[in-house]
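Order of listing sets the numbers, starting from 1, for every ligand and every atom in it.
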Amino acid sequence: MARSSVPLRGPGDNNFRCSAPITREKHTVNMRAVFSGTRLRPAVELNFSFYAAHPVTGQPLREWIRDIPGRAWVPERKTWTVTALGATPDKTLTDAGFTTVGPDDEPMSLAGYTAPLVTVDPEHPGFLCVYPRLAGQFHAAPQLPGTAIWRAEETRWLVSLHDLPGGMPKEFALTVEAAAALDAARAAPTAPDPARDQLLYDGTLDGLRGVPVTDLRNVDRATATAMSKLDITSVYDLLHHVPRRYIDRSNPALITATSVGCKIAVLGTVDGVTSAQTRAGSMSKVSVRDTAGTAVFCTWFNAAWITRRFTKGDLVVLHARLDTWTGKGGVEHFGMNNPLMDKVEPSTAVMVPVYPASAKAEISTWQLHRAGAEAVSRMGELSDTIPAQVLAERNLLDRTQAYTGIHLPTDPANADAARRRLAYDELLGLQLTLRNRRDAEGPQGSAAVAHIPTKHLSNQLIASLPFELTAAQRRVANEVARDMRATTPMHRMIQGEVGSGKTMLILIAMLMAVESGHQGAIMVPTEILAIQHHLEIHTRMVGLTKADGTPVRIELLTNKVTGQPRRAVLAGVADGSIDIVIGTHALLAPVVTFASLSLAVIDEQHRFGVEQRATLRHKGPDGRTPDMLVATATPIPRTAVMSIFGDLEHSVLDEMPPGRSPITTCSVETADADCADDGALPWQLIREQVAVGHQAFVVCPMVSDSETKTAAAAENTAAALGQGALRGLRIGVAHGKQPAVERTAVMAEFTAGEIDVLVATTVIEVGVNVPAATVMVITGAERFGLAQMHQMRGRVGRGQWPGHCVLVGTPKTADAAQRIDALCASTDGFDLAEVDLRIRGWGTLLGASQAGAATELRVADILTDTDLVSWARQDAITILEADPHLARRPGLRDEIRRAVGEDAAEWLTSA
Ligand code: ADP
Ligand code: MG
């Protein structure tokens, strides 16, 4: 806080110097008075030669000065400074032969500097400061109350106002009164001084985390309690609770201009409020007129509070779908059923912000608006973490403007500009975090193996295939080969639809590593997948021989591989006799050491965390980093890839192998798949398809996180179907609780067409390839994720016959309903990925281990803010290249650290 002292007495100017040569016999005595430092600590500077003598006593001045209290020798100026000359400084100096002159060379008096200077103390309300000045500490002391405290370093006394009434000497009286008046004025609660009205914090955004919302005048206890239900407790939270939308009062939406059936947010005035009791409950009715005077009739059931909260004349915002109904005499009326209605105070704001979830927490959007507006107007200037130059280049608002603009926009353009700045901050923080994690994944700057793909093995594989590679597969294989030849570590992601042939590419890449005399590892998320992959890859590679004539050796390593077989795999991996190892996270264990791991492939990339990738990357030969390839069957929108995976290269398999058939998807809404209901659509469909020689899957959902219960449910469903709607069909069951042999046997029977219907848990999610399977029934569809259902659907339509997918379930949430609708509407994985991203938020893309607070994007939309995403990425690269630990930007660093949590931001501290 700036020190503001108010001088109440004494000469006004605070910093004068004067010097006057005075000749006394052979000596020159210079007097120089410098009121150094603040005016409150005046000192007189005395300058005289070594031989100068006191004109009256003849005593050398160098001895005379030793008797003056508060003197100090200033060697660099060769002067004495004196801060106390007693009650009569003029006389003391004149007697010693000095003449004091002012800046204008006129003789001046120091008398004014002997009276103590009294001010209010800015740091100790209720206290006065008394500066003795030239009179000296002890000269002033007898006139002060005994409780006065001497502060030597500040050369002042502290005196409590309580100790003063009537007790101060006359010469102090005026100043004391004036000071007390000032002090009182300062303490007044209604101080209009804008500087004092500012919220108390250090001017940083994070500082506002420490300011409770109750510091705002517009937030009383009840409001604060309501706000806490929205997780708003500090002004920081409040500023980040951004409006869902704005109502532009200069251009309001009109009811007559809205199509019936569309959602609308309209501003209007309450015209009448009534309520009626019906047999079903109470019915509240409010009629509202929009700004053009058109009436809309709103109704609510069992919401008595509506009639209490609103009265005629209230300005409100309505949010709902616009309907019409025909009233008496065939007159059409506009109506809204159960709209979100919020009171808006008549304000001068042109843009009325509408805040999210305001009704649920029993807080109106208006209350949030008032609090938000007060917060931005009292927060003062926020310090910015982004240099002004960058903001100017990017045409972004500064932080203060941005938070003001989002809560108190002047017009729609201002609101949008504000949103963009806040979005940029989120994205930059994210990029800085993610980029650094990525850098941390591999030994920085370390080299990779420069592969020499001889094609000796890959050509054998390609020749053995019963099909041609697609053009997309060939293109991506070339991209991978190019990366693998380089000495910089490959870091590439392959994206592609289910069944687009990613496994084939992984195999080709593996063979390129083996051809070059190294090893490859494939890591998959589950044991079942590892077994399936191992089986498939093994089958594909039978008969392939290396240049030395030996077969390619492929082994499986999961935590279920134990004892002697495990020791054999570990030994083979370590001595290099195993070329390719396929496994789960068991591969990450420290005991797994490779002779020369030059390629690591991760399938289903999003299920692994960064740390796990990092562990693999550290298993390379002699300090080199293995090339890394990640395959994901869950397509990720392009901008999302960029924002999440930084500068990860990525290839897209955008062409399906020939011979795929279209899949039609529909949903059946029912609480429970009734296994006895012959007429139910899914069972009917299955019977029809089986009758013409096709096969079907029935997938059962996870039951309460328990593998055992889930398995039991699948068994029960299979049994119920066998005795019910699917009597007479050959039904098999596959789930995670079966011994691996049993499950593999069932799968094999199904593949061979010896089973008509396979009732399974999500074990069939990936990898099963049965061309004759044409029906996929997913029960409990509301409990599956979008990507997961898309994956499962990919199990059908793999032959020449069209596939059918039936989603059975009762969505209890809007999200679940959206997922089911999206699947019925599209079979394009990229479309679905976008929908998924919209529904789930995108934190899930990062994988569970990364889904910290860092993943929270409240404002940014990575699907539409594409320019901001790429700016943030570029800027993060530039910043970190010059300053890897953000040492030059402690503000930014601390902000990120706080936002993502200490653990996630570990890189920021590791030097
Ligand atoms: P993904 O891993 O992308 O889901 P896969 O690699 O498992 O897909 O391939 C799905 C099926 O398509 C496999 O049976 C595979 O043998 C087959 N396949 C792969 N590439 C081709 C191709 N070029 N032509 C025909 N079939 C192919
Ligand atoms: Mg695959």
Note: Glu497, heavy atoms under 4.0 Å from ligand 1, region reported as backbone

So for Arg798 against ligand 1, with non-hydrogen atoms under 4.0 Å, the contacting part is side chain

Do Leu599 and Pro626 come within less than 4.5 Å of each other through their side chains, counting heavy atoms only? no

Closest heavy-atom approach to atom 20 (N) of ligand 1 among Gln791, Met504, Gln473 is made by Gln473

Below 4.0 angstrom, N of the basic side chain to O of the carboxylate: do Asp579 and Lys546 qualify? yes

Atom 7 (O) of ligand 1: of Ile506, Thr503, Leu505, Leu653, the nearest heavy atom sits on Thr503

Could you check whether the rings of His694 and Trp801 sit parallel, tilted or perpendicular, using 30° and 60° as the cut-offs?
tilted

For this session: Before signing off on this row, confirm whether Lys502 and ligand 1 have an N or O atom pair separated by under 3.5 Å.
Result: yes

Practice item. May I ask you to test the Phe594-Val592 pair for a side-chain heavy-atom distance under 4.5 Å? Key: yes

Is there any N or O on Pro658 that sits under 3.5 Å from an N or O of ligand 1? no

(Q) Considering both backbone and side-chain atoms of Arg540, is one of its nitrogen or oxygen atoms within less than 3.5 Å of a nitrogen or oxygen in ligand 1? (A) yes

CD1 of Ile522 to CD1 of Ile582, rounded to nearest 0.5 Å, is 4.5 Å

The atoms of ligand 1 lying under 4.0 Å from a heavy atom of Thr470, numbered in the order shown, are 23 (N)

Note: ligand 1 atoms sitting under 4.0 Å from heavy atoms of Leu469 are 23 (N)

Quick note on ligand 1: atoms under 4.0 Å from a heavy atom of Glu468 include exactly 22 (C), 23 (N), 24 (N)

(message) Pairing donors with acceptors under 3.5 angstrom, does anything connect the side chains of His804 and Thr774?
(response) no

| With a 4.0 Å cut-off, would you call Lys560 and Glu527 a salt bridge? | yes

With a 4.0 Å cut-off on N to O distance, would you call Glu754 and Arg730 a salt bridge?
no

Test item, Ser500 contacting ligand 1 (heavy atom, 4.0 angstrom): yes

